[in-house]
Amino acid sequence: MDRVQLQGAEMTDTGRQAADAADADLDAGDDAALIARSLHAPECFGVLFDRHAPAIGRYIARRLGPDAADDLVAETFLAAFRRRDHYDLTHGDARPWLYGIATRLIGRHRRQEVRFFRAIARTGVDPAAEAVTDQVIDRIAAQGARRELAAALARLSQDQRDVLLLVASGLGYEETALALAVPAGTVSSRLVRARRKVREALGGQDPTRLGEDAP
Amino acid sequence: VIDEMEQLEQLCAAVPSPDRQRLTAARAQLSTAIRGETAGHAARRPRLAVSLALRHRWLSRRWLGWATPLAAAAAVTGVILGSQGVFSPAHRPVPGSSAHDPGLGVAHPATAYVAGQSGTVTLILTATGTALKPIRIGKEYEQISSAIVFRPDGKTAYVLSSTVLGGGSGTVTPIRTATNTALKPIAVGQDPRALAITPDGTIIYVTNYQSGTVTPIRTATGTALAPIRVGGNPWAIAIAPDGKTAYVADTRSGMVTPIRTATGTALAPIRVGRNPLAIAIAPDGKTAYVLNNGSGTVTPIRTATSTALAPIRVPAGSFSMAITPDGRTIYVLDLGSSQAQEGMVIPIRTATNTALRSIPVGHAWPSTMNIAITPDSKTAYVANASTGTITPIRTATDTALTRIRLAGGAGPIAITPDGRTAYVIAGSGPGRTGTVIPIRTATNQVLRAITVGSLPSVIAITPAPRR
């Protein structure tokens, strides 16, 4: 009995070492390497989820609210998984691809997104944001600014919202262009127009004053 | 100075990362799709097995054109390969259990065990078609249960599960059938795929796909023994009827490793074909059949000498199979090589090792198919998850009977030891309950659906007791 338990303990260690080795092996490669491996070893795709799902989830939650984000994160990765043989393996970073898929899925819920931003504009309550005590929130100047911002976003065209929120989520121009499958020049011009609209909407407020309010 | 762009960035930054529970549900759906593909399609597309060295030449199709087929990202049904259990000896009908033994049926009502991603096991009393209170074995969406075996005396059920996040740490949870209580889970390796129990019920073997090992479990003490190394990515396992040898197929190397159960030692591996996905052993124990998904062959192995015989051609991409309890015929499942083709069932006559004419069962791509055979060997039920239909096949003539349409999909199947009822897992989504649909085999009549836990993926029925 004792011996059996001892063997059991050893087994667990060996198993864990093997698991760690496998994980380290997978974690080492860039996204393209993972996707290439996933073509014949589909389970590798799970690592891509673990890497990027939190960020994709935040992006979708920003645009449609946290509840809709649940379903769309799943849909995004299912679509990506099914289309992984079309992934351009020269792109080591899969984020533009994943954000692109998420953006197209969001595009199917255009009205819901507009309603979502209008509700924030009306109530000042942002269901996607953390509790009000959070410091990050305070940095969005005042609630008033958030309401104006949401109202402006609700009025933008879908194309403009796509560009603006992808860039605001941390994608560069080139990455945004990849995600939306448009030339980088188009991204720039859309961004300029979108920013102007938002700036005009914020109108009465002086951005400088808001900056001074920040901690 | 904060301009409008910075304000937008802060608006985005204010969104917290989704909590674990939210992500796990999404990850569970992806895992289901991954498992389904691993089971069915992985090696059917060998041209896609590009190495990174070829990466820069592989640009013919750009991913930017992906947009239109997004509709393909429809709800996922239970697509986990339900066949592991089919090959395990526990699912062969026990000799002597006659198909129509009313006394046996009353004294020992068979119970169906259903598990998936709900973190519970639902028990269905087959005598009445009612579900009992689910037995909790984990948290919802945190693990996937993929296979269930029973001790031949029916006293314990063993549920194989692996975690959804991370590398897929495996556990086997024993459930005492008399009291319906789950015992402490036994840790196995990474990403376990299948398990089999010896006919005397003393040892369970679990294949650990990522660890490249087989974990033996001593059932008397519920302890895992030292794992046995069997190559790269072992999946299918079957134990000979005499219980002396377990056969493990390694999908990476294309080898089958016999394990001597008395000593737990691996013997010299036998080369079979590319990506072996299923093993079935003839009831007389003389021949083990290995389905090679990548090569499109079934390799018979003479067990006495551990030698591979001439392979039998089947469509490349075939991914699952089952042998009739009388050992006369093997049925191989193929999804069809493209959307234009139907899913096929290929009968192989074991007496001559020849493949017979394929039986079409409707368009099966890109989902999966499952099979179960009645204990009297007369009817094979083939579930097509894409069309949500069951095709009964009369084994005497290898002909398809009228298809049975099931609302809600057709996943893994199990048949009661008395052969009277087939239970089919129907599809479900996260957050929604799953259903199991009984079919009366005598008339192929569909009975009322039974509610089970969310995302069910495996069903198994307690064996008829031995006398």
Side-chain angles (χ1 to χ4, degrees), chain A residues 4-5 7-8 10-12 14-15 18-19 22-23 33 36 39-40 42-43 45-46 49 53-54 57-58 61-62 69-70 73-75 77-79 81-83 85-90 97 104 128-130 136-137 139-140 145-146 149 164 168-169 181 195 198-199 202 207-208 210-211 214, chain B residues 1-5 7-18 22-23 25-27 29-31 33-34 37-38 42-43 48-50 52 55-56 58-59 61-67 69-70 72-73 76 165 167 169 187 189-191 210-213 215 218 221 223-227:
Chain A
V4 169
Q5 281 173 341
Q7 281 177 333
E10 284 166 5
M11 186 285 307
T12 314
T14 319
D23 282 352
L39 291 169
H40 49 94
E43 62 278 2
F45 207 84
F49 181 98
R58 292 178 64 199
R62 176 64 281 157
D70 290 353
V73 168
E75 267 192 73
F77 280 89
L78 281 174
F81 177 65
R82 301 232 164 83
R83 301 293 295 166
D85 54 338
H86 289 239
Y87 182 76
D88 182 344
L89 293 173
T90 55
W97 182 56
R104 280 167 177 84
E130 304 205 59
V136 188
I137 281 269
R139 291 188 58 212
I140 314 182
R146 188 203 295 155
L149 217 47
L164 208 53
S169 296
R195 284 186 66 170
V198 173
R199 199 160 48 233
L202 293 177
T208 319
L210 293 173
Chain B
V1 176
I2 290 192
D3 65 9
E4 73 284 348
M5 205 61 227
Q7 289 195 41
L8 281 163
E9 281 166 15
Q10 288 173 7
L11 192 74
C12 290
V15 182
S17 278
R22 285 175 183 271
L23 275 188
R27 180 69 156 88
Q29 287 190 62
L30 178 66
S31 293
I34 289 173
E37 179 144 332
T38 313
L48 294 177
V50 276
L52 284 179
R55 196 168 131 169
H56 295 285
W58 194 66
L59 288 170
R61 283 189 291 180
R62 289 181 61 85
W63 57 262
L64 294 178
W66 67 273
L70 249 185
V76 182
L165 293 177
S169 306
Q190 292 300 110
D191 195 4
Q210 280 304 336
S211 310
T213 56
T215 303
R218 186 162 292 157
T221 54
T223 45
L225 308 181

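Side chains are part of it too, since the values below use all heavy atoms of this structure and drop only hydrogens, waters and symmetry mates. Every chain is numbered from 1 and lettered A, B, ... according to where its sequence line falls, protein lines coming before strand lines.
Here the closest heavy-atom approach between residue A/Ala53 and residue B/Leu23 is recorded as CB-CD2, 3.9 Å. Of all non-hydrogen atoms in A/Leu164 and B/Met5, the two that sit nearest each other are O-CE, 3.7 Å. Residue A/Gly46 comes nearest to B/Leu30 through the heavy atom pair CA-CD2, 4.4 Å, listed as atom of the first residue, atom of the second, then distance. Listed here is the closest heavy atom pair of A/Leu78 and B/Ala33: CD2-CB, 3.5 Å. A pairwise comparison of heavy atoms in A/Ala128 and B/Pro16 identifies O-CD, 3.1 Å as the closest pair.
Looking only at distances, no side-chain donor or acceptor of A/Arg195 sits under 3.5 Å from a matching main-chain atom of B/Glu4. At least one donor-acceptor pair closer than 3.5 Å links the side chain of A/Arg58 to the backbone N or O of B/Val15.
Remark: A/Phe81 CZ to B/Gln29 CD distance equals 13.0 Å, nearest 0.5 Å. Between atom CG of residue B/Leu11 and atom CZ of residue A/Arg62 there is a gap of 4.0 Å, rounded to the nearest 0.5 Å.
Residues B/Gln7 and A/Leu202 are in side-chain contact: their nearest non-hydrogen atoms beyond the backbone lie under 4.5 Å apart.
In terms of heavy-atom pairs under 4.5 Å with chain B, the best-connected choice from A/Pro54, A/Ala61, A/Gly57 is A/Pro54.
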